[in-house]
Amino acid sequence: MVGKSGGGGGAAEEDGAAAVRRWVEAGGGRLVMDGGLATELEANGADLNDPLWSAKCLLSSPHLIRKVHLDYLEAGANIIITASYQATIQGFESKGFSKEQSEDLLAKSVEIAREARDMFLKEHSDRPIQHPILVAASIGSYGAYLADGSEYSGDYGEAGTLEFLKDFHKRRLEVLAEAGPDLIAFETIPNKLEAQAYVELLDECNISIPAWFSFNSKDGVHIVSGDSLIECATIANGCSKVGAVGINCTPPRFIHGLILSIRKVTDKPILIYPNSGERYDAEKKEWVESTGVSDGDFVSYVNEWCKDGAVLIGGCCRTTPNTIKAISRSLNQRHSSLHLPVA
Ligand code: MET
Ligand SMILES: [Zn+2]
């Protein structure tokens, strides 16, 4: 069995959705996720113009990653997502690192997040935090590793075979699971094939940590490759290790309809962490600002998403600790009356 249990743990054989429901309940019925990590690292001065994107900070500025995790925790996040989104063994090797060093860098992303959690809990030890604080190990798609924008097209050309994708992600998944996160976050999944590869790997690698599957959409109906969200959510629903299914890095205006589609095919907890509504121009490698929504507008959607059935809510690219603070306030968590053993 790969993975140590943390953040409240639970029996190893507990199914993923049951584990997430237990955490959600301990959070008073909702959990707040963090906001954009990479874009917030940039806002803190990091230069991420590199194929490793946010994972570059694992090499150059781990303290900055820890700071951003802490900023999100202070803003009220219950879940922080590690800087491993674009961290891959293959990506580090192409920078000249050995396999062992590359694996250590992956594990380091989880260690930094755990450290931030420990610091946060210590900082608040006079009035101990009772709600769950969880570390989710991010796994970005093969397209994210390619760093050519294909995580927003899901078009992998020749490489788009099930076996290739499983082989690409396998060791990375094992290393991240062994580093002791509470959850595995398969984020920004652009196509059905990659979802299938993840499901098979979770079983074949005997991963004992609950995972979430989060897809992205550009039209409010399909995921970015054009594959049907309903089919993708059905694949996630078929895996007992998947604890939650949802949408990330997608404009807020599309979320309502997407939640309704997911609900048609699964009872698993639903998670939502949209981007700010701006569009990423993959060629220019920049966010196009005009269509973004303000933190206030973003939060005006939160009630609707809750009514639709989302129980884990946060933000993705270009959302900030202020966005998360606003979400946290609006979810009105009753921290003082909650009880859950942390880590
Ligand atoms: C392109 S989506 C990126 C997700 C990642 N968790 C981040 O916020 O950096
Ligand atoms: Zn994003």
Side-chain angles (χ1 to χ4, degrees), residues 32-44 46 48-58 61 64-69 71-73 75 77 79-88 91 106 109-110 112-113 116 134-154 176 181 183-191 194 211-218 223-224 244 246-252 254-255 271-282 285-288 291-293 298 312-321 323-324 327:
V32 181
M33 305 172 67
D34 65 5
L37 177 67
T39 50
E40 189 58 18
L41 287 167
E42 284 178 319
N44 276 270
L48 303 186
N49 189 4
D50 187 280
L52 292 178
W53 201 38
S54 51
K56 186 184 160 201
C57 289
L58 292 168
S61 39
L64 215 54
I65 302 175
R66 197 167 44 231
K67 176 192 182 287
V68 173
H69 286 325
D71 289 347
Y72 279 125
L73 290 173
I79 301 179
I80 48 175
I81 306 174
T82 63
S84 49
Y85 178 78
Q86 209 140 305
T88 61
L106 277 175
S109 67
V110 177
I112 294 170
L134 306 167
V135 169
S138 171
I139 296 196
S141 65
Y142 172 65
Y145 153 78
L146 292 176
D148 63 355
S150 57
E151 85 229 73
Y152 295 105
S153 73
L176 285 169
L183 287 146
I184 305 282
F186 293 104
E187 303 189 89
T188 332
I189 308 173
N191 61 39
E194 205 149 21
W212 81 56
F213 276 32
S214 184
F215 301 93
N216 57 332
S217 170
K218 304 189 271 215
I223 69 168
V224 292
I247 301 289
N248 75 296
C249 217
T250 295
F254 292 145
I255 299 298
L271 83 166
I272 289 300
Y273 53 117
N275 58 28
S276 62
E278 292 152 297
R279 185 177 60 80
Y280 186 68
D281 184 326
K285 291 197 188 310
E286 63 186 30
W287 290 87
V288 183
T291 52
V293 290
F298 191 107
L312 302 105
I313 297 179
C316 204
C317 296
R318 304 278 278 185
T319 63
T320 69
T323 322
I324 298 312
I327 292 175

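In listed order, ligands and their atoms are each counted from 1. Both backbone and side-chain heavy atoms feed into the values below; hydrogens, waters and symmetry mates do not.
For Ser54, no nitrogen or oxygen atom sits less than 3.5 Å from a nitrogen or oxygen atom of ligand 1, counting backbone and side chain alike. Here's the thing with Cys317: none of its N/O atoms is less than 3.5 angstrom from an N/O atom of ligand 1. An N or O contact shorter than 3.5 Å is missing between Gly35 and ligand 1 by distance.
Here the rule is side-chain contact (heavy atoms from CB on, under 4.5 Å) with Asn248, and of Asn275, Ile272, Thr188, Ile81 only Thr188 fits it.
Aromatic rings of Trp212 and Phe186 (six-membered ring for Trp) have centroids beyond the 6.0 Å cut-off, not under it.
At least one heavy atom of Cys316 sits less than 4.0 Å from an atom of ligand 1. Ligand 1 lies nowhere less than 4.0 angstrom from a heavy atom belonging to Glu40. Using a 4.0 angstrom heavy-atom cutoff, Tyr273 does not count as in contact with ligand 1.
Which parts of ligand 1 touch Tyr152 is read off a 4.0 Å heavy-atom cut-off, strictly below it: atoms 1 (C). Against a heavy-atom cut-off of under 4.0 Å, Glu151 is close to the following atoms of ligand 1: 1 (C).
Thr319 places a side-chain N or O within 3.5 Å of a backbone atom of Gly36 that can act as its donor or acceptor partner.
Looking from atom 8 (O) of ligand 1 to the surrounding protein, the closest heavy atom is Leu37 N, 2.8 Å.
Contacts between Cys249 and ligand 1 below 4.0 angstrom, taking non-hydrogen atoms only, involve the side chain exclusively. Contacts with ligand 1 closer than 4.0 Å are made by side-chain heavy atoms of Thr188 only, the backbone lying farther away.
Here CG of Leu176 is found 8.5 Å from OG of Ser138. Values are rounded to the nearest 0.5 Å. One distance of note links CD of Glu40 with CD1 of Ile65; it measures 13.0 Å at 0.5 Å rounding.
A donor and an acceptor atom, one from each side chain of Glu187 and Tyr273, are located under 3.5 Å apart.
Angle SG (Cys317) to the Zn ion (ligand 2) to SG (Cys316): 130°, rounded to 10°.
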